[in-house]
Amino acid sequence: MLKVGIVGLPNVGKSTLFNAVLKRQQALSANYPFATIEPNVGIVDVVDKRLSEVRKVLFDSELAKIGKKIEDTPLVYANIEFVDIAGLVEGASKGEGLGNKFLANIREVDMVLQVVRDFNDPDIIREHSKNPDDDTEVINSELIIKDIESIEKRIKSFGRDQTAKEEINLLNVYLKHLNDGNLAIDLNPLATDSSVGKEQYLEFIKPLFLLTDKQMVYVFNVAENDSRLKQEKNENYKGRQTVYISAKLEAELSSLDEEDQKQYMLDLDIKEAGLDKITSACFEKLGLISFFTAGVMEVRAWEIKKGFNAVEASGAIHTDFMKNFIKAEVMSFNDYVTLGGKLKAKEKGKLRLEGKEYIVKDGDLIEFKIGA
């Protein structure tokens with residue numbers, strides 16, 4: 001399961017956002033520094049609107065004929081695990097505030113949402129926070145300092161051992177990169193067009209679990225009436241993807257049922273909820289896509305890495321599927337919905353059998369043929 005850490009300075013809206021996206025008050029949201037002491041963890045659905053369309057077609061074409069009700073077949077979404085991590089302050093790398101807890105917890109996540117305060121509210125204490133540029137500089141600097149310490153410690157451990165020359169050279173490349181104020185993710189050959197070799201990275205750098213060697217998205221927490229909430233495309237800030245949300249507005253939305261949420265957003269001329277923006281950004285940055293399975297028991301989305309072949313994708317359902325894979329029966333989401341189901345897709349030649357090397361596409365509907 002994808003694990004995403006929510007980080008930021010104290011009182012920038014991390015816990016309010018966490019509460020909102022989980023639609024329950026799981027984290028302590030309080031107006032004083034370090035209200036979050038232990039990391040709060042919760043699992044949230046990645047709502048994919050295509051899934052309900054698949055179920056509707058499945059019901060009309062198959063389930064209604066056998067006396068089933070549409071609600072008898074639940075929708076099962078992919079999930080993201082959110083971790084609300086204690087607020088970081090300047091000097092965290094030296095143990096200031098709750099720095100040691102923060103830095104230990106952030107190592108365990110797959111990617112980072114850095115929440116940035118960009119609203120004015122005199123009733124909410126601005127603890128350590130000044131403005132977006134300074135705030136993000138504080139957090140990034142603290143993470144970089146800790147990564148520099150990790151690399152220097154690793155280099156020192158070799159002493160005069162000359163057999164590790166290749167590793168030491170690569171560590172020095174990273175050390176210079178970090179000392180220049182850059183994040184390690186920019187040298188990651190798995191995430192960027194990097195001159196660093198993939199094998200070298202996996203052998204020497206990945207085991208260090210560098211804090212800045214993670215995909216990061218800036219989440220700007222803005223006022224409820226901020227025009228940036230209406231933007232449909234994400235912008236870049238300091239070279240990273242940026243999402244604009246109002247944690248306060250998301251908290252209000254989370255208290256409403258689905259229909260009232262839609263109407264409230266319509267009234268505000270906001271086309272996409274903050275959670276949807278965030279989960280989309282997480283999927284995009286980590287190179288994830290979804291394929292679907294549809295049957296009487298459930299209609300389900302499975303998350304996999306972009307570029308997975310049919311065998312690798314089958315392993316998302318069960319690892320035994322990979323060992324006993326025979327074929328994959330595949331049709332696209334658009335064909336399934338447009339043509340009106342599996343049988344119609346088959347009649348039109350849009351349902352096909354694919355082998356092990358087929359590269360799964362986002363939105364594929366798949367039924368795997370598995371041997372004994």
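In this text the structure is predicted, and so the values were computed from the model without any measurement.
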Peer 1: Under 3.5 Å, is there a donor-acceptor pair between the side chain of D118 and the main chain of P132?
Peer 2: no
Peer 1: If I take atom OG1 from residue T192 and atom CD from residue Q215, how far apart are they, to the nearest 0.5 angstrom?
Peer 2: 8.5 Å
Peer 1: Any Lys/Arg nitrogen of K348 or D335 sitting under 4.0 Å from an Asp/Glu carboxylate oxygen of the other?
Peer 2: no
Peer 1: What I want to find out is whether K277 reaches E272 closely enough, with some N-O distance under 4.0 Å, to be called a salt bridge.
Peer 2: no
Peer 1: Okay, side chain of N309, backbone of E312: is any donor-acceptor separation there less than 3.5 Å?
Peer 2: yes
Peer 1: Between Y237 and F220 (judged by ring centroids, cut-off 6.0 Å), do the two rings come close enough to count as a pair?
Peer 2: yes
Peer 1: Which atom names give the shortest non-hydrogen contact between F325 and G355, and what distance separates them?
Peer 2: CE2-C, 3.9 Å
Peer 1: Provide the closest heavy-atom pair for F204 versus P207 in the form atom of the first, atom of the second, distance.
Peer 2: C-CD, 3.9 Å
Peer 1: So, K344 and E347, do they make that salt bridge, N to O below 4.0 Å?
Peer 2: no
Peer 1: Going by side-chain heavy atoms closer than 4.5 Å, which hydrophobic residues are tied to V299, directly or by a chain of links?
Peer 2: V47, L51, V54, V57, L58, F59, L63, I66, I70, L75, Y77, F292, V296, M331, F333, Y336, V337, L351, L365
Peer 1: Do the non-hydrogen side-chain atoms of K68 and T73 ever get within less than 4.5 Å of each other?
Peer 2: no
Peer 1: Looking at G274, is its backbone amide N or carbonyl O close enough to the side chain of E250 to form a donor-acceptor pair, meaning the two atoms are under 3.5 Å apart?
Peer 2: yes
Peer 1: I'd like to know whether NZ of K346 has more than 12 heavy-atom contacts from other residues, nucleotides or ligands below 6.0 angstrom.
Peer 2: no
Peer 1: Looking at every non-hydrogen atom in both residues, tell me the closest pair between L178 and I148 and how far apart they are.
Peer 2: CB-CG1, 3.7 Å
Peer 1: State whether R240 and D186 are salt-bridged, where the test is any N-O pair (Lys NZ or Arg NE/NH1/NH2 against Asp/Glu carboxylate O) under 4.0 Å.
Peer 2: yes
Peer 1: Taking the side chain as every heavy atom from C-beta outward, state whether M216 and N140 have any pair of such atoms under 4.5 Å apart.
Peer 2: yes
Peer 1: Angle between ring planes, F291 versus F368, binned at 30° and 60°: parallel, tilted or perpendicular?
Peer 2: perpendicular
Peer 1: Starting from M297, walk the hydrophobic network (Ile, Leu, Val, Met, Phe, Trp, Tyr; side-chain heavy atoms closer than 4.5 Å) and list everyone else you reach, by chain and number.
Peer 2: none
Peer 1: Show your reasoning for whether side-chain contact (heavy atoms from CB on, under 4.5 Å) applies to L210 and Y174.
Peer 2: CA-CA 11 Å; L210 299 177; Y174 269 80; 4.2 Å; yes
Peer 1: Does D180 use its side chain to pair, donor to acceptor, with the backbone of N182 at less than 3.5 Å?
Peer 2: no
Peer 1: Just do the side-chain contact (heavy atoms from CB on, under 4.5 Å) check on D226 and S246 with the steps written out, would you?
Peer 2: CA-CA 8 Å; D226 195 301; S246 167; over 6 Å; no
Peer 1: For N79, which residues count as a side chain to side chain donor-acceptor pair (under 3.5 Å) partner, sequence neighbours excluded?
Peer 2: D45
Peer 1: If you round to the nearest 0.5 Å, how far is CG of D269 from OG of S227?
Peer 2: 11.0 Å
Peer 1: Could you list the residues that satisfy salt bridge (charged side-chain N to carboxylate O under 4.0 Å, His left out) with K356, not counting sequence neighbours?
Peer 2: none
Peer 1: So, using salt bridge (charged side-chain N to carboxylate O under 4.0 Å, His left out) as the criterion, who are the partners of K327 when residues are at least two apart?
Peer 2: none
Peer 1: Answer yes or no: is there a side-chain heavy-atom contact under 4.5 Å between Y358 and D364?
Peer 2: yes
Peer 1: Distance check, rounded to the nearest 0.5 Å: L266 atom CG versus D260 atom CG?
Peer 2: 12.5 Å
Peer 1: Could you please spell out the steps behind the side-chain contact (heavy atoms from CB on, under 4.5 Å) verdict for L249 and L268?
Peer 2: CA-CA 10 Å; L249 175 59; L268 296 172; 3.7 Å; yes
Peer 1: In terms of hydrophobic clusters joined by side-chain contacts under 4.5 Å, are V217 and L143 together?
Peer 2: yes
Peer 1: With a 4.5 Å cut-off on side-chain heavy atoms, are V311 and M322 touching?
Peer 2: yes
Peer 1: Got more than 12 heavy atoms from elsewhere within 6.0 Å of CD, E199?
Peer 2: no
Peer 1: Suppose we screen for salt bridge (charged side-chain N to carboxylate O under 4.0 Å, His left out). Which residues come up paired with D72, at least two apart in sequence or across chains?
Peer 2: none
Peer 1: May I ask you to decide whether D362 forms a salt bridge with R50, counting only side-chain N to carboxylate O separations under 4.0 Å?
Peer 2: yes
Peer 1: Quick one, I304 and I289 - any side-chain contact, counting heavy atoms below 4.5 Å?
Peer 2: yes
Peer 1: Are any non-hydrogen side-chain atoms of R117 and L9 less than 4.5 angstrom apart?
Peer 2: no
Peer 1: To check you understand the geometry: which heavy-atom pair defines the closest contact between T16 and A251, and what is its length?
Peer 2: CG2-CB, 4.4 Å
Peer 1: Going by an N to O cut-off under 4.0 Å, is there a salt bridge joining E167 and R154?
Peer 2: yes
Peer 1: Just do the side-chain contact (heavy atoms from CB on, under 4.5 Å) check on V219 and I245 with the steps written out, would you?
Peer 2: CA-CA 7 Å; V219 178; I245 62 102; 3.4 Å; yes
Peer 1: Side-chain contact test, heavy atoms from C-beta onward, threshold under 4.5 Å: evaluate it for C282 versus M111 and give yes or no.
Peer 2: yes
Peer 1: How about L211 and R107: do any of their side-chain heavy atoms sit closer than 4.5 Å?
Peer 2: yes
